[in-house]
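Keep in mind that this is a model prediction, so the values were computed, not measured. Chain naming here is simple, since letters A, B, ... match the order of the sequence lines and numbering starts at 1 in each.
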Amino acid sequence: MNFLKINFEKIRKNKFAYFMLSPGLSLWVVFYIFGFFWIVVASFQKGSIASSKEFIGFKNYINVFNDPLFLKTILNTIQYMFLIVIPLIIFSLLIAIILNKINKRMQNITRALLFIPMLTSIVAAAIIWRIMVNPDMGIISNIFKFFSIQSPNWFGDPKFTKYLLSFIEIWRQLPFFIVTFLAAIQNVDKELLEAGYLDGANYLQLFIKIILPVIKPVLLFGVVMSTIWSLQLFASVYVLTKGGPVDSTSSLVWYIYQYTFLFSNVGKGMVATIILLILIFIITFINLKILKYGQEG
Amino acid sequence: MINEPISLKKTKKYSFLKFINYSSMYIFLAIAVIVSLGPFTEILRLSFKDTMFLIGSEDIKYSLINYINLLTKTNFLRWTLNTIIYAFSVVVIKVILDTLTGYIFAKFNFPGKNFIFLGVLGTIMIPFAVLIYPSYVIITKLGLINTYPGLIIPMLANPFGIFLMRQFISSIPNDIIESARIDGCTELGIFFKIIIPLSRPGQTVLAIITFVWQWTNLIWPLVVTNKDQMRTLPLGLATIPTEYIVDWGIMAAGALLSIAPILIFFLIYQKGFIEGMTSGAVKG
């Protein structure tokens, strides 16, 4: 009884805090917490958005795991992950390292120029690159023609369609990682670098021994963010392929959108949503583990 | 004495290597810039070509026809207006709300604070794509489909801003707040006169990240609107292809014009954009 009384007193004292917290927090509770429970409940139900719901147990889960399209979608999503994350991190880190070495004025100008694709929506980026690879007028096709190489069938060959979608994603997100990594590299202690340089270390050694340990948390942040973004691949699929040819470009979010809003099979869409959530939590969890390990070591 | 020529030779060789090194660096950067910006110049060129002559022939008439078609045959101006209303409303409301919530989390101690904050933190990685269905049902039940509030409200729930503002406000010294309190300043007075002005840098970061996010957002406008009048720019652009199936000229013009407003904003306020994008990651 005693501690209840104290707590109540404390709560009364903090009326202002609770009152001021309520507008922002209630939105979060409604859309995130309530939303999450809703997704879980809907994953056990049958029906479309409009129709009445009926509990059917684990049937949706069984249906999804037996759906060849879903298995294909998961495989595609993993493929996208590797096709996007690895080049994205390598190229952005490389460009950030180079930018760090050139003089300040050039650095600022180049950084601003390289930033511009970030302002483009994936929709606009998809349209732009769709025109660029158009066999009749696209400059990419003209380059292939110039070297007398058969231009790949971008929208007929599943392999190339996947490459194209991944490339558009990389092109649009590269600036974010360049500026982030550059800022991290610039945070490295200059005196430490100079001391290393005077000791006769070359740039590669300096990078591995001094820069890399300092930027490691940001690098990991970059890997996690790009992985989670690659899991959300949707807009380019929606604009360019609608999942085709023969479902070869279907991504997880595209699958969710299709089943929930187009096929009126909300249950299946919500099962896929839960799997997306689990994937995101696994990635975040691994990241936290690695970060903790890095701090101890 | 004997050593001298050797060391000279060494430095010469070294500077030659350095030259190669530097030139390859610049070549690499030049390629990166071409790949990043080349498409824009190419699309700009194509957008002035008359679509009738676009395919196949080399001597092509340049005209404004694509831009005229875009502005007269589609709701492009309406989409632009919608995007401006949508993105700016989200930015303004979100910045105020998250500054307030972040301030409470940073500077107040109340029962349940750590529990609630950990909960907020735990959802920070959840992308909106996960929440489209429940959000859609809530907005439908509220009768807000095809309205601005329907577009805006779910976007305000994102916990990233709360976390960001809490980080920034934590660094404001407690002494300032305490002395204001002693001087008889009300709690609201403290918030408006001290916290808001002192957390400007954090608000700028949040505003820019949110603005770019919403300007380029597709999935939520796609789900929550079904009238062409209520579409945003990315969604409007995404619907042109099905209606004008081979008209690449109009799409080139549309893609370019959809970037123009945010690009102008970026050119004016370039430093803020780049710092805004990075400080979220490097500090947070």
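- Looking at every heavy atom in both residues, A:A17 comes nearest to B:F110 through CB-CD2, 3.8 Å.
- Side-chain contact between A:F167 and B:V35 is present, with heavy atoms from C-beta onward closer than 4.5 Å.
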Inset, instruction - Verify side chain to side chain contact (heavy atoms under 4.5 Å, CB included) between A:F31 and B:F128, making sure each step is shown before the conclusion. - result: CA-CA 10 Å; A:F31 286 97; B:F128 188 75; 5.6 Å; no
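- The shortest non-hydrogen separation linking B:A255 to A:I127 is CB-CG2, 4.2 Å.
- Of the listed residues (A:I33, A:L94, A:I256, A:V30), the one with the most heavy-atom contacts under 4.5 Å to chain B is A:L94.
- Checking B:T123 against A:W28 by side-chain atom types alone, a donor-acceptor pair falls below 3.5 Å.
- Of all the listed residues (B:I259, B:I96, B:V212), the one sharing the greatest number of non-hydrogen pairs under 4.5 Å with chain A is B:I259.
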Please report the C-alpha distance between B:M125 and A:I283 in whole Å, then the side-chain angles of each, then the deciding distance to 0.1 Å, and finally whether the side chain to side chain contact (heavy atoms under 4.5 Å, CB included) criterion is met. CA-CA 10 Å; B:M125 283 296 184; A:I283 292 160; over 6 Å; no
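- A 4.5 Å side-chain heavy-atom check between A:L113 and B:S36 finds every atom pair outside the cut-off.
- Top candidate by heavy-atom pairs under 4.5 Å with chain B, chosen from A:I39, A:T110, A:V224, A:I215, is A:I39.
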ask   = Can you check side chain to side chain contact (heavy atoms under 4.5 Å, CB included) on A:M20 and B:Y103, steps first, answer last?
value = CA-CA 9 Å; A:M20 285 298 147; B:Y103 165 54; over 6 Å; no
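- Across A:W129 and B:P39, no two heavy atoms sit closer than the pair CZ2-CG, 3.3 Å.
- Your options are A:L276, A:I228, A:T120, and the one with the most heavy-atom pairs under 4.5 Å with chain B is A:T120.
- Residues A:F234 and B:L222 are in side-chain contact: their nearest non-hydrogen atoms beyond the backbone lie under 4.5 Å apart.
- The two residues B:A238 and A:V239 come nearest to each other via the heavy atoms CB-CG2, 3.9 Å.
- Between A:Y257 and B:V223 the shortest heavy-atom distance is CE1-CG2, 4.1 Å.
- Separating the CG atom in A:L119 from the CD1 atom in B:I264 is a distance of 11.5 Å, to the nearest 0.5 Å.
- Among the candidates B:V120, B:L263, B:I162, the residue making the largest number of heavy-atom pairs closer than 4.5 Å to chain A is B:V120.
- Distance check: A:S121 OG to B:L237 CG gives 6.5 Å after rounding to the nearest 0.5 Å.
- Options B:T140, B:L218, B:T101, B:L267 differ in how many heavy-atom pairs under 4.5 Å they form with chain A, and the most are formed by B:L218.
- If you measure heavy-atom distances from B:N217 to chain A, you find no contacts under 4.5 Å at all.
- Open room surrounds CZ on A:F91; 12 or fewer heavy atoms of other groups in view lie less than 6.0 Å from it.
- At a 4.5 Å heavy-atom cutoff, the contact between A:F281 and chain B is made by side-chain atoms alone.
- Residues B:L29 and A:I102 have side chains in contact (heavy-atom distance under 4.5 Å, counting atoms from C-beta outward).
- Of the two parts of B:E42, only the side chain, counted from C-beta on, holds a non-hydrogen atom closer than 4.5 Å to a non-hydrogen atom of chain A.
- Closest approach of B:L97 to A:P23, counting heavy atoms only: CD1-CB, 4.1 Å.
- When heavy atoms are compared at a cutoff of 4.5 Å, A:Y18 approaches chain B solely by way of its side chain, counted from C-beta outward.
- Neither the backbone nor the side chain of B:F211 comes within contact range of chain A, judged by heavy atoms closer than 4.5 Å.
- Both the backbone and the side chain of B:S135 come within less than 4.5 Å of a heavy atom of chain A.
- Between B:F273 and A:F115, the ring planes are perpendicular. Angles over 60° get that label, and only those under 30° would be called parallel.
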Task: Derivation of the side chain to side chain contact (heavy atoms under 4.5 Å, CB included) call for B:V130 and A:F36 - done: CA-CA 9 Å; B:V130 168; A:F36 172 73; over 6 Å; no
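- A:V123 has its side chain out of reach of B:T216: every pair of non-hydrogen atoms, C-beta onward, lies at least 4.5 Å apart.
- The shortest distance between side-chain heavy atoms of A:I98 and B:Y26 does not fall below 4.5 Å.
- Contact check for B:P234 versus A:I122: no side-chain heavy atoms found under the 4.5 Å cut-off.
- Expressed to the nearest 0.5 Å, how far CG of A:L21 lies from CG of B:L100 amounts to 8.0 Å.
- Atom CZ of B:F28 has more than 12 neighbouring heavy atoms from other residues, nucleotides or ligands inside a 6.0 Å radius.
- Most heavy-atom pairs under 4.5 Å with chain B: of the set A:W229, A:W38, A:F16, this distinction falls to A:F16.
- In the displayed structure, A:K101 atom NZ is contacted under 6.0 Å by more than 12 heavy atoms of other residues, nucleotides or ligands.
- For the set A:M106, A:M225, A:M118, A:M270, the count of heavy-atom pairs under 4.5 angstrom toward chain B peaks at A:M270.
- If you tally non-hydrogen atom pairs under 4.5 Å between each of B:V33, B:I262, B:L156, B:I219 and chain A, the highest count goes to B:I219.
- Ranked by heavy-atom pairs under 4.5 Å with chain A, the list B:F108, B:W215, B:Y133, B:F265 is led by B:Y133.
- Inter-residue side-chain proximity for A:T260 and B:I132 is flagged as unmet; no heavy-atom pair is nearer than 4.5 Å.
- Proximity to chain B (any heavy atom under 4.5 Å) is restricted, for A:A42, to the side chain, taken from C-beta onward.
- In this structure, chain B has heavy atoms under 4.5 Å from both the backbone and the side chain of A:I128.
- A distance of 7.0 Å separates CZ of A:R111 from CD of B:Q270, quoted to the nearest 0.5 Å.
- The environment of CZ in B:F117 is crowded: more than 12 heavy-atom neighbours from other residues, nucleotides or ligands sit within 6.0 Å.
- When the shell of 6.0 Å around CZ of A:F263 is examined, it contains more than 12 heavy atoms from other residues, nucleotides or ligands.
- In this structure, CD1 on A:I139 lies 6.5 Å from CZ on B:R45, to the nearest 0.5 angstrom.
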